[in-house]
Amino acid sequence: MNENLPPCPECSGAYTYEMGALLVCPECGHEWSLAAGVADGAGTGGEKVIKDAVGNVLADGDTVTVVKTLKVKGSPTGIKAGTKVRNIRLVDGVDGHDIDCKVDGFGPMQLKSSVVKKA
C-alpha cells in the first residue's frame with residue numbers, strides 16, 4: 001500500500017488504494033478523485049487566484065499593461081514596457097505563463113502574471 005494516499009473522506013479508512021484516476025476505499029466502497037480530495041482537504045474551493053505584479057487580482061476580460069520590456073523569440077524588438085493588452089484569459093499554462101492574450105503587433109501568446117499590471 002502507498003502510505004502517501006489520503007484516508008477516505010467518508011469513513012476515514014486508512015486502506016485507500018488507486019484504481020486508474022480514482023481513489024477507492026475498500027471498507028465503505030467510496031470512490032473519489034485525488035484532485036477533489038486535495039482541494040477538499042485544503043479548503044480552497046478549487047478556485048485559483050491569479051495576481052498581477054503589484055498584487056491586484058486578475059479576471060478574464062481584464063486589460064493589463066506590460067511592466068517590463070520582454071524579449072520575444074523571432075522578433076527584433078520584443079514587447080515594450082507600457083504596452084496595453086486587452087481582453088485577457090486566465091489559463092493553467094506552462095512554466096507560470098498563466099495569461100492567454102493577443103498582443104497587438106505580435107499575435108496570440110501567453111504571458112506571466114508577474115510581468116503585467118492591471119490597467
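None of these values were measured; they are calculated from a predicted model.
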Practice item. Applying side chain to side chain contact (heavy atoms under 4.5 Å, CB included), name anything that partners His30, two or more places apart in sequence or on another chain. Key: Cys8, Pro9, Glu10, Cys28, Trp32
Exercise for review: Evaluate the side-chain proximity of Ile99 to Ser113: yes if any heavy-atom separation is below 4.5 Å, no if none is.
Suggested key: yes
**Study point:** Nearest heavy atoms of Thr16 and Pro6, plus distance in Å
**Key:** OG1-O, 3.0 Å
Check your understanding: Going by heavy atoms in the side chains, are Leu111 and Val116 under 4.5 Å from each other?
Key -> yes
Study note, to complete from the structure: Nearest heavy-atom contact between Leu90 and Ala59 is CD1-CA, 3.8 Å
Review point. Run the side chain to side chain contact (heavy atoms under 4.5 Å, CB included) check on Val49 and Lys51 step by step: do they pass?
Key: CA-CA 7 Å; Val49 175; Lys51 296 183 179 183; 4.2 Å; yes
Check your understanding: When you measure from the side chain of Thr65 to the backbone N and O of Ala119, does any donor-acceptor pair fall under 3.5 Å?
Key -> no
Show the atom names and distances, to 0.1 Å, of all donor-acceptor pairs under 3.5 Å that link a side chain in residues 72-84 to residues at least two apart or in another chain.
residue : atom : partner : partner atom : Å
Ser75   : OG   : Gly78   : N            : 3.4
Thr83   : OG1  : Lys80   : O            : 2.7

Review point. For the residue pair Glu27 and Cys11, what are the closest heavy atoms and their distance?
Key: OE1-SG, 4.0 Å
Exercise for review: Sequence neighbours left out, what passes side chain to side chain contact (heavy atoms under 4.5 Å, CB included) with Leu22? Give chain and number order.
Suggested key: Glu31, Ser33
Exercise for review: To the nearest 0.5 angstrom, please state how far the CZ atom of Arg89 sits from the CD atom of Gln110.
Suggested key: 8.5 Å
Check your understanding: In chain order, what residues pass the side chain to side chain contact (heavy atoms under 4.5 Å, CB included) check against Asn87, with sequence neighbours excluded?
Key -> none
Review point. For the side chain of Asp98 and the backbone of Gly93, is there at least one donor-acceptor N/O pair under 3.5 Å apart?
Key: no
Review point. Hey, what else clusters with Val94 if you join Ile, Leu, Val, Met, Phe, Trp, Tyr whenever side-chain heavy atoms sit under 4.5 Å?
Key: none
Check your understanding: Can you tell me how far the CD1 atom of Ile50 sits from the CG atom of Asn56, to the nearest 0.5 Å?
Key -> 14.0 Å
Check your understanding: Going hydrophobic residue to hydrophobic residue with side-chain gaps under 4.5 angstrom, can you get from Leu58 over to Met109?
Key -> yes
Review point. Which pair of heavy atoms, one from Asp104 and one from Arg86, lies closest together, and at what distance?
Key: OD2-NH1, 4.5 Å
Check your understanding: Under the salt bridge (charged side-chain N to carboxylate O under 4.0 Å, His left out) test, which residues partner Asp62, sequence neighbours left out?
Key -> Lys118
Check your understanding: Does Phe106 belong to the same Ile/Leu/Val/Met/Phe/Trp/Tyr cluster as Ile88, with side-chain heavy atoms less than 4.5 Å apart forming each link?
Key -> yes
Review point. Is it the case that one hydrophobic cluster holds both Val91 and Val103, taking links as side-chain heavy atoms less than 4.5 Å apart, direct or via other members?
Key: no
